[in-house]
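The structure appears below as structure tokens.
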Number of protein chains: 2
Amino acid sequence: MTDPLSPVFAALADPTRRAILSMLLEDDMAVTDVAEPFQMSLAAISKHLQVLADARLITREKRGRVIWCKLDPDAFRAASVWMQGFGQFEPVDLDAFERFLETEFSAPPED
Amino acid sequence: MTDPLSPVFAALADPTRRAILSMLLEDDMAVTDVAEPFQMSLAAISKHLQVLADARLITREKRGRVIWCKLDPDAFRAASVWMQGFGQFEPVDLDAFERFLETEFSAPPED
DNA sequence: GTCATATTCAACCTTTCGGTTGACGATCTC
DNA sequence: GAGATCGTCAACCGAAAGGTTGAATATGAC
């Protein structure tokens, strides 16, 4: 079953994991540092990070004996897009937004 | 614990519940009609609807012996706003999006 | 090589989740 | 009132979630 959305929302359903994501918004972090503010075992945090990685909300990269965790925006975007389908009955003109996105993505990057 | 986000994401984590929400996007529905396309008992669907209602993603209103379910946009919006905090480091040109929103909201509707 | 550090693995426990079935209360129809 | 329909409740079940502890595995420092 290829349902990428379920693991994303399931991962976001836990306040500890959302807190971790907020921390990672500031900066990439090592596992031990992620665990520090929480009153639970390192193994528990390690599991939470695994859940986040399975949902592709974060990536982990090993450098030396330290594993660095960083946010991965892709899964956020997919979930966000799905949710915005339910924003349709709010004031933003979605057709206009789509036209905006099209020009936004098709335009050659300037520098 | 007042954590409104956790039940919302937990509710969205189940594909059956997301399918129900998509159906409600079309129109308000009675519980029996919601259950019809699914291969599970009415009681199971009833539980799913309870979860969605607890998360305030839907509201239910009893008229006669029929209970009508309808989407409630507020919880969607709250979750969507939270997620957009993590979309900020994505490639979409946010400044351009803001300009888009501004014209979108300030321009008098043309026809 | 030895010792400390960083992280995961494995086994376990308790609680929650998602489903079932059968009985029940309300409501409409006749 | 009798009978069908709408929806929930209650009890149960197996699987998954979220935590613990203790051992294991890499790696870095000396």
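Reminder, nothing fancy here: chain letters follow the sequence lines and each chain counts from 1.
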Original post:
Would one find a side-chain N or O of B/R63 under 4.0 angstrom from OP1 or OP2 of D/dC6?
Top reply: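 Answer no for this pair, as no side-chain N or O of B/R63 is under 4.0 Å from OP1 or OP2.
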Subject >> Short side-chain N/O contact to D/dT20 OP1/OP2 from A/S41, under 4.0 Å >> reply: yes
**OP:** Take A/G64 and A/A13, find for each the nucleotide of DNA chain D with the closest heavy atom, and name the residue whose nucleotide sits nearer the 5' end.
**Re:** A/A13
**OP:** With DNA chain D as reference, determine whether A/R65 or A/A43 sits nearer its 5' end, using the nearest nucleotide of each.
**Re:**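 Comparing both residues, the 5'-ward one is A/A43.
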Which heavy-atom pair separates [X] from [Y] by the least distance, and what is that distance?
X	Y	answer
B/A55	B/P7	CB-O, 3.5 Å
B/T16	B/M40	OG1-CE, 3.7 Å
A/M83	B/S80	CE-N, 3.2 Å
A/I45	A/A35	CG1-CB, 3.7 Å

Calculate the interatomic distance between [X] atom [atom1] and [N] atom [atom2]; express it in whole Å.
X	N	atom1	atom2	value
B/M40	D/dC13	CE	P	21 Å
A/E61	D/dT27	CD	C1'	16 Å
B/I45	C/dT20	CD1	C1'	13 Å
A/I67	C/dT8	CD1	C1'	8 Å
B/M29	D/dC6	CE	C1'	15 Å
B/L49	C/dG19	CG	P	12 Å
A/R17	D/dG19	CZ	C1'	12 Å
B/D14	D/dA16	CG	P	14 Å

**OP:** Look at all strands and tell whether B/L42 reaches a base, only sugar-phosphate, or nothing, counting heavy atoms closer than 4.0 Å.
**Re:** base
Original post:
Are any of the side-chain nitrogens in B/R18 or A/D3 under 4.0 Å away from the carboxylate oxygens of its partner?
Top reply: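 Salt bridge between B/R18 and A/D3, a charged N being under 4.0 Å from a carboxylate O: yes.
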Original post:
Which nucleotide in the set D/dG7, C/dT7, D/dG18 lies at the smallest distance from any side-chain heavy atom of B/V31?
Top reply: D/dG7
Subject >> Polar pair under 3.5 Å, donor/acceptor by atom type, side chain B/K62, base D/dG7 >> reply: no
Subject >> Closest-nucleotide ordering on DNA chain C, the 5'-leading residue of A/R60 and A/K47 >> reply: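 The residue whose closest nucleotide sits nearer the 5' end is A/R60.
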